[in-house]
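First up is the structure itself, then whatever we jot down about it.
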Amino acid sequence: MTSEPAHEDLDLDAIEAVYEFVLPLDEEMLAYFREMADVLVERVGVSRAEAVARINATYGAGESAAWGVGLMAHELPEYWAYGTYYSPDHRDRLPIGDPTVDADIDFSKLPVRPAPPKDSPFWTLEE
């Protein structure tokens, strides 16, 4: 008699975390990176897969990760998330997630950075 694996014992969040972002993240930074993805999904309107791909392409490349993702948490997730989607405006500014500071930025006129190529390793989730 063989026993079936106990699927109810699997931590699906932990399994997803292994494949969602391309750099190793502790639980705190995983939550922070997921908040950045939420910003892109909820405020910009991209799919979760594209949000994660943009974050991976920007912060998962060796040089970006080398300076330490722990430093990122000193800013709002919006600060980093917007930079993965928008290019600076004509005054060389990006939105930072602070409504007062961002009040005079016209989001509809900000240049949009291209998403990473679909065949790149940064696309870890299906659309």
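Closest approach of G97 and L76 over heavy atoms only: O-CD1, 3.6 Å. Across every non-hydrogen atom of R54 and A115, the tightest pair is NH2-N, 3.5 Å. In this structure, A73 and M29 approach most closely via the heavy-atom pair CB-SD, 4.4 Å. Nearest heavy-atom pair across D92 and P88 is OD1-CB, 3.5 Å. P116 and A57 make their closest contact through CG-CB, 3.7 Å (heavy atoms, listed as atom of the first residue, atom of the second, distance).
Sequence neighbours left out, the pairs with a member in residues 109-122 that pass side chain to side chain donor-acceptor pair (under 3.5 Å) are K118-E127.
A 6.0 Å sphere centred on CD of E28 holds no more than 12 heavy atoms belonging to other residues, nucleotides or ligands.
Within the 4.5 Å cutoff, the side chain of M72 has heavy atoms near those of the M36 side chain. Looking only at side-chain heavy atoms (C-beta outward), Y85 and L40 come within less than 4.5 Å of each other. Y82 has its side chain within reach of V39: a pair of non-hydrogen atoms, C-beta onward, lies under 4.5 Å apart. Side-chain contact between Y32 and W80 is present, with at least one heavy-atom pair separated by less than 4.5 Å. Contact of the E35 side chain with the E78 side chain is not registered, since no non-hydrogen atoms from C-beta on lie closer than 4.5 Å. Side-chain contact between D104 and R93: present, with at least one pair of heavy atoms (C-beta onward) separated by less than 4.5 Å.
By the 4.5 Å side-chain criterion applied to Ile, Leu, Val, Met, Phe, Trp and Tyr, V22 is assigned to a cluster that also includes F122.
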TODO: Apply the test side chain to side chain contact (heavy atoms under 4.5 Å, CB included) to residues N56 and W123: give CA-CA distance (whole Å), side-chain angles for both, the deciding distance (0.1 Å), then the verdict.
DONE: CA-CA 8 Å; N56 281 335; W123 287 83; over 6 Å; no
Worked check of side chain to side chain contact (heavy atoms under 4.5 Å, CB included) between L30 and E20: CA-CA 9 Å; L30 175 60; E20 185 175 6; 4.3 Å; yes
- side chain to side chain contact (heavy atoms under 4.5 Å, CB included) between F33 and L23, worked out: CA-CA 11 Å; F33 272 55; L23 68 162; 3.9 Å; yes
Practice item. Applying side chain to side chain contact (heavy atoms under 4.5 Å, CB included), run through Y79 and I96 and close with a yes or a no. Key: CA-CA 4 Å; Y79 180 88; I96 64 168; 3.5 Å; yes
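Note on L94 and V46: same hydrophobic cluster, where clusters join Ile, Leu, Val, Met, Phe, Trp and Tyr whose side-chain heavy atoms are under 4.5 Å apart, directly or indirectly. A continuous path of Ile, Leu, Val, Met, Phe, Trp and Tyr side chains, each step under 4.5 Å between heavy atoms, connects V52 with V44, placing both in one hydrophobic cluster.
In this structure, R48 pairs ionically with D38, as a charged nitrogen and a carboxylate oxygen lie closer than 4.0 Å.
Interatomic distance, S47 OG to L125 CG, rounded to the nearest 0.5 Å: 8.5 Å. The CD atom of E75 lies 10.0 Å from the CG atom of D98; values are rounded to the nearest 0.5 Å. Note that the CG atom of D106 and the CG atom of D89 stand 9.5 Å from one another [nearest 0.5 Å].
Less than 6.0 angstrom separates the ring centroid of F107 from the ring centroid of Y86.
When the side chain to side chain donor-acceptor pair (under 3.5 Å) test is applied to T100, no partner is found at least two apart in sequence or on another chain.
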